[in-house]
Amino acid sequence: QQQVKQSPQSLIVQKGGISIINCAYENTAFDYFPWYQQFPGKGPALLIAIRPDVSEKKEGRFTISFNKSAKQFSLHIMDSQPGDSATYFCAASRGGGATNKLIFGTGTLLAVQP
Amino acid sequence: KAGVTQTPRYLIKTRGQQVTLSCSPISGHRSVSWYQQTPGQGLQFLFEYFSETQRNKGNFPGRFSGRQFSNSRSEMNVSTLELGDSALYLCASKAQPTTDTQYFGPGTRLTVL
């Protein structure tokens, strides 16, 4: 019940294309779903996050789509750029102060080709 | 505002030794968490601290321990190191336990030989 499943493991996209990464969770107590971006040699950096009371959240070229009934959420990167090449992690937690504990997906290595 | 800082950045130890890693949260942040990142297991939660108290602990053996000081700085200790402890250890801070966003430091790369 604590797992967050992420796919695909790796993704190659052409510059200007759309990158889509999917995650699924089991624990219905999760109420906070962030996406992190990690470059080699760096710690993860928060990209965008969503709570289950909305179905979509957009920040610049990054959009989270959330399907509460299916227990799935996805990250869409529009107009992908070579600088977006990194590893992306979805995560889930019981927010609102219940815990800091983030359950992470296994990561997606994104390569954007020029 | 400076980010989360972790020291040392790289560390090489041998099996059986112990190690202490340090984390300074963002100024004003009082909540600190630790994660272990390995290629095989990914990012796994170790423990979290607030006001010098451990609030939550992940599924790691007792060889892994931590503490938080009154200035919110935190340390984690691993005793009797094993080869499998080789990993990137990440510290994350946030302002309060009730806020959402955790900010990660660059990590300490521990290699156990």
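Lettering of chains follows the sequences in order, A, B, ..., and the numbering in each one begins at 1.
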### Task
Supply the atom-to-atom distance A:R94 CZ to B:N56 CG, rounded to the nearest 0.5 angstrom.
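One gets 9.0 Å once the value is rounded to the nearest 0.5 Å.
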#### Entry: Distance (rounded to the nearest 0.5 Å) between B:Q44 CD and A:I103 CD1
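Here the rounded value is 9.0 Å.
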Is there a chain of hydrophobic side chains (I, L, V, M, F, W, Y, each step under 4.5 Å between heavy atoms) that links [X] to [Y]?
X     : Y      : value
B:V4  : B:M76  : no
A:I20 : A:Y36  : no
A:W35 : A:L110 : yes
B:F47 : B:L81  : yes
B:L83 : B:Y89  : yes

Select one option (side chain, backbone, both, neither) describing which atoms of [X] are under 4.5 Å from chain A's heavy atoms.
X      : value
B:R109 : neither
B:L46  : neither
B:Q37  : side chain
B:L90  : side chain

#### Entry: Considering all heavy atoms, the nearest A:K101-B:E48 contact
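So the minimum-distance heavy-atom pair works out to N-OE2, 3.9 Å.
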### Message
Taking A:L102's backbone N and O only, do any of them form a donor-acceptor pair with B:Y35's side chain (distance below 3.5 Å, no angle check)?
### Response
yes
### Query
So with a 6.0 Å cut-off around CZ of B:F50, is the heavy-atom count from everything else above 12?
yes
### Message
Please determine whether the number of non-hydrogen atoms from other residues, nucleotides or ligands lying under 6.0 Å from atom CG of B:N59 exceeds 12.
### Response
no
### Query
Which residue out of A:G105, A:P44, A:G43 racks up the most heavy-atom pairs below 4.5 Å with chain B?
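With the most close heavy-atom pairs to chain B, the winner is A:P44.
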